[in-house]
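Step one of this worksheet: look at the structure below.
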Amino acid sequence: MSAQPVFEAQYVEQRSRVTTFFRLILAIPHFVVAALWGIAAFFAIVAAWFAVVITGRYPDGLYGFIGSFNRYITAVYGYAGLLTDEYPPFSGDTDSYPVHLVLPPAKTEYSRAKAFFRLILAIPVYIIAYAMQIVWEVGALIAWFVILVLGKQPKGLQDMIVLGLSYQQRAAIYYCLMTEDWPPFTDPPRSQLDGGPSADLPPVPAATTAPGAVSESSGLTSGDPLSGS
């Protein structure tokens, strides 16, 4: 069984009403970059499919490029989905960002058959990911109203968004051929990544922590079928 990516999100209760109100507008530059980068990533995935089917190996350059895109888009979704108020970087270097995806290293050898039939094998994952997308988008919509009223993000809504978005992003890694097993509904421990780091999520930067805020790492454990105002 190949290692699964791990989605991590810090929870900070106190939130900015102003940046929450304008969140989708503030995220527009990232949506543009994500769209352009996504076009290049699509062709890279196609090239990776041929490489894996023919050689059984995932080229390091393609793995790094596609992985960087997935880390970037995870941060963008995390920001747009109100998991954090911190503006994301315009790069895939998101290890210190409050919402990020930890990827396993590439396998030394991949199954040619699993890669060849990926579009068929991924059908159940598409269905679940679609449902999970609705879960996190509904959670983000409710959170938008709650934060505007209270200036706080309830932990339950944070967990709801994490549940849906984390599965969606693990599914994306499966679509990209970077892992061969169906994504679990919840996150495996980070220490189980093959050769991956086992350190805990970095603490919340002091600049983003408001008085009375609570910080913790949000990740959920494994299973397997496929500035205020």
Exercise answer: donor-acceptor pairs, residues 132-145 side-chain atoms, under 3.5 Å, sequence neighbours excluded:
{"from": "Gln133", "atom 1": "NE2", "to": "Glu137", "atom 2": "OE2", "distance (Å)": "3.0"}
{"from": "Trp136", "atom 1": "NE1", "to": "Gln168", "atom 2": "OE1", "distance (Å)": "2.9"}
{"from": "Trp144", "atom 1": "NE1", "to": "Thr20", "atom 2": "O", "distance (Å)": "2.8"}

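For Phe31, the CZ atom sits in a packed shell: over 12 heavy atoms of surrounding residues, nucleotides or ligands are nearer than 6.0 Å.
By the 4.5 Å heavy-atom criterion applied to side chains, Val18 and Arg23 are not counted as neighbours. Counting only heavy atoms from C-beta outward, the side chains of Pro184 and Gln4 approach each other to under 4.5 Å. The shortest distance between side-chain heavy atoms of Pro154 and Val146 falls below 4.5 Å. No side-chain heavy atom of Leu163 sits less than 4.5 Å from a side-chain heavy atom of Asp159.
In terms of heavy atoms, Ile147 sits closest to Arg15 at CG2-CB, 3.7 Å. Across all non-hydrogen atoms, the minimal contact from Ile161 to Gly81 is CD1-O, 3.4 Å. Among all heavy-atom pairs drawn from Val52 and Ser111, the shortest one is CG1-O, 4.2 Å. Between Ala9 and Leu83, the shortest heavy-atom distance links the atoms CB-CD1, 4.4 Å. Of all heavy-atom pairs between Ala129 and Tyr167, the closest is N-CE2, 3.6 Å. Across all their heavy atoms, Ile25 and Pro29 have their closest contact at O-CD, 4.0 Å.
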task: Any chance you could lay out the side chain to side chain contact (heavy atoms under 4.5 Å, CB included) test for Leu101 and Thr94, step after step, and finish with the verdict?
output: CA-CA 8 Å; Leu101 195 66; Thr94 60; over 6 Å; no
Stepwise, does the side chain to side chain contact (heavy atoms under 4.5 Å, CB included) test hold for Phe185 with Ile128? CA-CA 9 Å; Phe185 283 103; Ile128 298 171; 3.6 Å; yes
- Step-by-step side chain to side chain contact (heavy atoms under 4.5 Å, CB included) determination, Leu177 to Arg118: CA-CA 8 Å; Leu177 308 172; Arg118 185 57 52 94; 3.6 Å; yes
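Under the salt bridge (charged side-chain N to carboxylate O under 4.0 Å, His left out) criterion, no residue pair touches residues 42-64, with sequence neighbours excluded.
Judged purely by distance below 3.5 Å, without hydrogens or angles, the side chains of Thr74 and Gln169 pair a donor atom with an acceptor atom. With 3.5 Å as the limit, one finds no donor-acceptor pair spanning the side chains of Glu13 and Gln153.
Here SG of Cys176 is found 3.5 Å from CD1 of Ile45. Values are rounded to the nearest 0.5 Å. Annotation: the span from Phe7 atom CZ to Leu103 atom CG amounts to 12.5 Å, rounded to 0.5 Å. For the atom pair Phe42 CZ and Ile66 CD1, the distance stands at 11.0 Å (nearest 0.5 Å). Here CG of Asn70 is found 13.0 Å from CZ of Arg170. Values are rounded to the nearest 0.5 Å. From Ile54, atom CD1 reaches atom CH2 of Trp49 across 8.0 Å, with rounding to the nearest 0.5 Å. Atom-to-atom distance recorded for Phe22:CZ and Arg17:CZ is 14.0 Å, nearest 0.5 angstrom.
Below 30°, between 30° and 60°, or above 60°: for Tyr58 and Tyr63 the angle between ring planes is above 60°, a perpendicular geometry. Under the 30°/60° scheme for interplanar angles, the aromatic rings of His30 and Phe90 are found to lie parallel.
Under 4.0 Å is where a charged nitrogen must lie from a carboxylate oxygen, and between Asp93 and Arg71 no such pair does.
Under the 3.5 Å distance criterion, the side-chain polar atoms of Ser68 are left unmatched by any main-chain donor or acceptor of Phe65. A donor-acceptor pair under 3.5 Å is absent between the side-chain atoms of Gln158 and the main chain of Thr84, judged by distance alone.
The only member of Tyr97, Tyr72, Tyr87 that meets ring pair (Phe, Tyr, Trp, His ring centres under 6.0 Å) when paired with Tyr79 is Tyr87.
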